[in-house]
Amino acid sequence: MTSTSTRFALRRLTLMVGAALALCSTAALAEVKAKIGHAMPETHPQAAAMNKFAELATAYTKGNVKVQAYHGGSLGSDEKQLQAVQSGTQELYIGTLAPLSTRVKEVQVWDLPFMFQNEKEVYAVLDGASSKAIFQKIEPAGLVGLTWTGMGFRNLSNSKRSVNKLEDVAGLKIRVMANPVALETWKTIGANAVPMAFAEVFPALEIKALDGQENPLVHMYSNKMQEVQKFISVTNHVYTPVALVASKKFWDTLSPADQAGIQKAATEAGLLQRKLLDEGDNDVVAKFKAAGVTMNTVSPAELARIQEKVKPVVAKFAPIIGEDFVKGFYAEIDKARAAK
């Protein structure tokens, strides 16, 4: 081999090595690590759904985005995590958007009582125009909405008596969500409504500082309410959804293909969560009874009485949330109810 051809071969080898190193470097740079956090314990269906989301997100981005799920509020409260996602120090979050309700009034629509009759109606609205509009409203807060999914119908538990009629609520000291609609609703029904962070609820029930609380059944069981509550009354008074959102700062660093992969993973994980929650509700009823909890379902006639009692609450808050938005929301429910 001549010296000229040797030099050419060496130069070619150098270029090939350089190109290979550049490709490796690009691949390394393309791999992004992302955290998704939420408040539910590992025994909750949401934890299983988020583990699946992490798996799918990695698969659908071909390994470019490695998602790790953090359960049980290990990254902080809902409010703290939402703030972290807004600032970009946390990439993803699933949970309530209630901490945004002062800035995005439409979020409060989900707190209005007795809107839905079943999950079919709920899921139609979660996939409908009103829920998409809320995602548009949160964009200026630095959030990208990926999917809405379920957390379940809220029901009432307490340590004193079965609640079969409106009058049975009177005087019960009930922990409610720290939002004005929930407070007004329970005061109107006759309860002694106490806003409190959920982390403080179990010990307060344990020492009888509270009589009861209201939450979805699976949420109650996952948080061991059967150990401190003897009565559960199925009221389905409010449906609590959760939203899976991304930090806009994080989202804008992703390629369109990786954004599509994360979106696909979020949609599929959200549908899985709905399925697991629906199955979980049936499962935990038997577990509550086995734990010695007395369960009853409030009759439709009695629920209609309670619904009539809280109509002034809806009338009061509809203008605050936005009359047109609330009308559109109820129209979506009516359309789903009419569909066979």
Side-chain angles (χ1 to χ4, degrees), residues 36-50 69-85 90 93-102 107-108 110-111 113 149-159 172-187 191-245 273 276-277 280-281 284 287-288 291 293:
I36 182 160
H38 67 111
M40 294 299 106
E42 289 191 40
T43 54
H44 193 277
Q46 184 163 282
M50 289 309 99
Y70 292 82
H71 313 301
S74 57
L75 299 181
S77 65
D78 285 334
E79 187 168 10
K80 183 179 178 183
Q81 290 193 56
L82 260 181
Q83 289 171 350
V85 173
Q90 182 175 320
Y93 159 81
I94 184 167
T96 177
L97 296 184
L100 296 176
S101 61
T102 54
V107 169
Q108 296 181 48
W110 289 98
D111 298 321
T149 190
M151 183 52 68
F153 276 108
R154 300 181 80 89
N155 297 287
L156 177 65
S157 75
N158 80 94
S159 59
L172 288 177
K173 196 170 185 179
I174 303 294
R175 178 267 177 179
V176 302
M177 293 182 292
N179 72 62
V181 183
L183 279 166
E184 189 86 11
T185 297
W186 285 99
K187 286 178 181 176
N192 181 0
V194 181
M196 183 184 291
F198 185 72
E200 301 168 14
V201 173
F202 188 94
L205 291 168
E206 200 168 27
I207 64 170
K208 308 295 186 186
L210 288 174
D211 298 321
Q213 57 87 57
E214 45 89 48
N215 261 301
L217 294 178
V218 174
H219 185 286
M220 289 190 207
Y221 192 81
S222 295
N223 287 281
K224 304 184 187 303
M225 290 298 152
Q226 63 275 15
E227 295 180 7
V228 289
Q229 300 280 265
K230 291 302 175 189
F231 303 95
I232 294 177
S233 301
V234 177
T235 52
N236 290 348
H237 51 273
V238 164
Y239 192 94
T240 298
V242 291
L244 200 165
V245 298
Q273 181 160 321
L276 292 175
L277 282 165
D281 270 350
V284 296
K287 289 180 177 177
F288 277 130
V293 177

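Keep in mind that what you see is a predicted model, and the values were worked out from it rather than measured. Computed over heavy atoms, backbone and side chain alike; hydrogens, waters and symmetry mates excluded.
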Task: Side chain proximity check, V234 to N236, heavy atoms < 4.5 angstrom - done: yes
Open item on the list: Quick one, T185 and V176 - any side-chain contact, counting heavy atoms below 4.5 Å?
Closed with: no
- [ ] Find the distance between CD (Q90) and CD (Q83) and round it off to the nearest 0.5 Å.
- [x] 11.0 Å
TODO: State the CZ-OG1 distance between F153 and T240, to the nearest 0.5 angstrom.
DONE: 10.0 Å
- [ ] For residues E214 and M177, report the shortest heavy-atom separation together with the two atoms involved.
- [x] OE2-N, 3.9 Å
Task: Nearest atoms (heavy-atom pairs only) where D211 meets Q229 - done: O-NE2, 3.2 Å
TODO: Go through the structure and list residues passing salt bridge (charged side-chain N to carboxylate O under 4.0 Å, His left out) with K230, not counting sequence neighbours.
DONE: none
Open item on the list: Tell me every residue that passes ring-ring contact (aromatic ring centres under 6.0 Å, His included) with Y70, counting only those two or more places apart in sequence or in another chain.
Closed with: none
TODO: For D78, check salt bridge (charged side-chain N to carboxylate O under 4.0 Å, His left out) against everything at least two apart and list the hits.
DONE: none
- [ ] List for me each residue that meets side chain to side chain donor-acceptor pair (under 3.5 Å) alongside H44, sequence neighbours excluded, and say none if there are none.
- [x] none
Under 3.5 Å, side-chain donor or acceptor atoms of residues 217-227 against the rest of the protein: list the pairs with distances, not counting sequence neighbours.
from : atom 1 : to   : atom 2 : distance (Å)
S222 : OG     : V218 : O      : 3.0
N223 : ND2    : H219 : O      : 2.8

Open item on the list: Within this structure, what is the OG1-CG distance for the pair T96 and D111, rounded to the nearest 0.5 Å?
Closed with: 7.5 Å
Open item on the list: I'd like to check V242 versus H38 (side-chain heavy atoms, cut-off strictly below 4.5 Å). Are they in contact?
Closed with: no
- [ ] Please name the pair of heavy atoms, one in I36 and one in Y93, separated by the smallest distance, quoted to 0.1 Å.
- [x] CG1-N, 4.0 Å
Open item on the list: Quick check for you: to the nearest 0.5 Å, what is the distance between H237 atom NE2 and R154 atom CZ?
Closed with: 6.0 Å
TODO: For the pair E206 (side chain) and V228 (backbone), establish whether a donor and an acceptor sit closer than 3.5 Å, ignoring hydrogens and angles.
DONE: no
Open item on the list: Do Q108 and N179 have side chains that approach each other closer than 4.5 Å (heavy atoms only, starting at C-beta)?
Closed with: no
- [ ] Enter the distance from L172:CG to S159:OG here, rounded to the nearest 0.5 Å.
- [x] 8.0 Å
- [ ] List the atom of H71, the atom of M50, and the distance in Å for their closest heavy-atom pair.
- [x] CE1-CB, 4.5 Å
Open item on the list: Tell me the closest heavy-atom pair linking S157 and I232, and the distance in Å.
Closed with: CB-CG1, 3.9 Å
Task: P45 to L277 - nearest heavy-atom pair and separation - done: CG-CD2, 4.1 Å
- [ ] Quick one: pull up CD in Q213 and CD1 in I174 and give me the separation to the nearest 0.5 Å.
- [x] 8.0 Å
Task: salt bridge (charged side-chain N to carboxylate O under 4.0 Å, His left out) involving R175 - partner list, sequence neighbours excluded - done: none
